[in-house]
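First up is the structure itself, then whatever we jot down about it.
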Protein chains: 2
Amino acid sequence: MGASDTRRHIIEAADRLFYENGFEATSFADIAKAVGLSRGNFYYHFKTKDEILGAVIALRIAKTQAMLDAWEEDAPTPAERIRSFIHILIMNRAKIMAYGCPVGTLCNELAKLDHVSKDDAAKLFTHFRHWLARQFAALGREADADTLALHILMRSQGVATLATALRDEGFIRREVEAMDAWLDAQRPGQLSLPQPASRSST
Amino acid sequence: MGASDTRRHIIEAADRLFYENGFEATSFADIAKAVGLSRGNFYYHFKTKDEILGAVIALRIAKTQAMLDAWEEDAPTPAERIRSFIHILIMNRAKIMAYGCPVGTLCNELAKLDHVSKDDAAKLFTHFRHWLARQFAALGREADADTLALHILMRSQGVATLATALRDEGFIRREVEAMDAWLDAQRPGQLSLPQPASRSST
DNA sequence: GTCTATATCAGGATAGAC
DNA sequence: GTCTATCCTGATATAGAC
């Protein structure tokens, strides 16, 4: 196995462990064990833990971009693309109830550590934000596309955090349904932030 | 200074440090230093870190209950009480942008650690949930009070998480305004989850 | 009830053999 | 490129003097 293969395995193992156990709680030994590597050899590939974190963030950004590109390919309309985003809450519900959102929880942890990479991690949100804003603009909401993008991003984060604490799948489903209904009502001519109306889909 | 005073100081220092730096990242030495205590003496008061965590969670629950009771005293209508809850996002915006929501971030961290106290921490949400549900019921929304309580709790969590990542005060203010507008529209006869309407307050 | 001193352990990081 | 052996630091935890 070449060095670049080993490196990739290390980053993928670190990615998973950082998500499941947190950045601080994951030791070099944990990652080395997951890859089947001695601790000593580990340092041939990565000199510091922060270096691994940087590689993990880069991997996540690449994966995110690939996912967004795929949604853009697969879904013909902007509304369906945004719906792809909303429905990752359902798709990943088991992991979210156990470990939260990979992006939100990493940003939270790095913020508390005041880690040098905290802004790099926050860029993951930026990718979603800009992609979502583009979809809302395509939906005819050019004027407030960014506000709408942040709003739906905010809701997905709120659902993830509460889902982890409550571990209630019904809660996720209800809120996703509400997000779908909210999206259906986003048509040109509406003003930015969501307002309640006289009927509901639930 | 008596032992119970020292104990209280330890818990308060731990409360602050767990919030600002995280549970794992906070060492006994950090807490001892903050209180002005030797590390050795520390163990006279608390045997394990988990014991301190338990005391911190108990303190937070007591403080939360006191805050909810005060809101109930000070605000004459259910709507104003719920507004008190929504506006902690503005009141605490500086700390939230730096460290996130104390409840959400602690639950997230303990979930990843699969810590024995993770469900105790989640009870903090339960206190807000039931209090909010009581207010929505008093507002005339008995049928879906709990759903509405979880919805507004979810939004406050989402705003806190994104605020920490983006550190954008304008974002917080816009979303709080939207939450206020959403609350204004919650009247008896509405069905549970929020829907957009034809106009916005922003 | 508070201190100093110390045991023990785990994690990050390095050196050098193969 | 992978290993074993090792160092250093910091963290939990204890013992015992005052």
Side-chain angles (χ1 to χ4, degrees), chain A residues 1-59 106 109-110 112-118 120-121, chain B residues 1-57 59 106 109-110 112-118 121:
Chain A
M1 183 171 68
S4 72
D5 282 334
T6 306
R7 193 187 153 88
R8 215 190 57 244
H9 285 149
I10 289 174
I11 299 170
E12 277 166 5
D15 181 27
R16 183 176 60 80
L17 290 169
F18 287 175
Y19 175 44
E20 294 179 359
N21 305 328
F23 171 66
E24 276 243 84
T26 301
S27 70
F28 273 29
D30 293 333
I31 306 171
K33 191 181 166 192
V35 185
L37 222 62
S38 76
R39 254 178 310 165
N41 185 18
F42 201 96
Y43 287 85
Y44 174 80
H45 301 278
F46 289 98
K47 296 303 166 208
T48 70
K49 204 176 170 184
D50 290 351
E51 211 179 300
I52 305 175
L53 176 62
V56 167
I57 292 173
L59 173 69
L106 182 64
E109 183 176 1
L110 297 184
K112 279 191 202 288
L113 298 175
D114 200 18
H115 194 283
V116 286
S117 294
K118 71 175 174 179
D120 288 331
Chain B
M1 184 169 71
S4 71
D5 282 334
T6 305
R7 193 185 153 87
R8 213 189 59 244
H9 285 148
I10 289 174
I11 299 170
E12 277 166 4
D15 181 27
R16 184 176 59 80
L17 290 168
F18 287 175
Y19 176 42
E20 293 178 1
N21 304 328
F23 171 66
E24 275 244 87
T26 301
S27 70
F28 274 29
D30 293 333
I31 305 171
K33 192 181 165 191
V35 185
L37 221 63
S38 76
R39 256 177 308 165
N41 186 18
F42 201 97
Y43 288 84
Y44 175 78
H45 300 278
F46 288 97
K47 296 302 167 211
T48 69
K49 206 176 168 183
D50 290 351
E51 212 180 298
I52 306 176
L53 177 62
V56 166
I57 292 173
L59 173 70
L106 181 65
E109 185 176 0
L110 297 184
K112 278 189 202 291
L113 297 175
D114 200 18
H115 194 283
V116 285
S117 294
K118 70 175 177 180

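Convention: sequence-line order gives letters A, B, ...; per-chain numbering from 1. All values below come from the heavy atoms of this structure, side chains included, with hydrogens, waters and symmetry mates left out. Just so we're clear, the structure is a prediction, and the values are computed from it rather than from any experiment.
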Check your understanding: Under 4.0 Å between a side-chain N/O of Lys49(A) and OP1 or OP2 of dG11(C), yes or no?
Key -> no
Review point. To the nearest Å, how far apart are Phe46(B) CZ and dG1(C) C1'?
Key: 15 Å
Exercise for review: Would you indicate which nucleotide in dT2(D), dT4(C), dA13(D) comes nearest to any side-chain atom of Thr6(A)?
Suggested key: dT2(D)
Review point. Taking OP1 and OP2 of dG1(D), is either one under 4.0 Å from a side-chain nitrogen or oxygen of Tyr44(A)?
Key: yes
Study note, to complete from the structure: Of dT12(D), dG12(C), dG1(D), the nucleotide closest to the side chain of Asn41(A) is dG1(D)
Point to revise | Minimum-distance nucleotide to Ser38(A) side chain [options: dT4(D), dC3(C), dT2(D)] | key: dT4(D)
Check your understanding: How are the rings of Phe23(A) and His115(A) set relative to one another: parallel (under 30°), tilted (30 to 60°) or perpendicular (over 60°)?
Key -> perpendicular
Check your understanding: Taking atom C1' of dA15(C) as reference, at what distance in whole Å does atom CZ of Phe42(A) sit?
Key -> 18 Å
Check your understanding: What's the CG-P distance between Asp5(B) and dT2(C), to the nearest Å?
Key -> 10 Å
Check your understanding: Ser27(B) near the nucleic acid: base, sugar-phosphate alone, or nothing, with a heavy-atom cut-off under 4.0 Å?
Key -> sugar-phosphate
Check your understanding: Of the candidate nucleotides dG1(C), dG12(C), dA13(D), which contains the atom at the shortest distance from the side chain of Thr48(B)?
Key -> dA13(D)
Review point. When we call it a touch if two heavy atoms are under 4.0 Å apart, what does Phe28(A) touch: a base, just sugar-phosphate, or nothing?
Key: sugar-phosphate
Review point. Arg39(B) has an atom CZ; how far is it from atom P of dT14(D), in whole Å?
Key: 14 Å
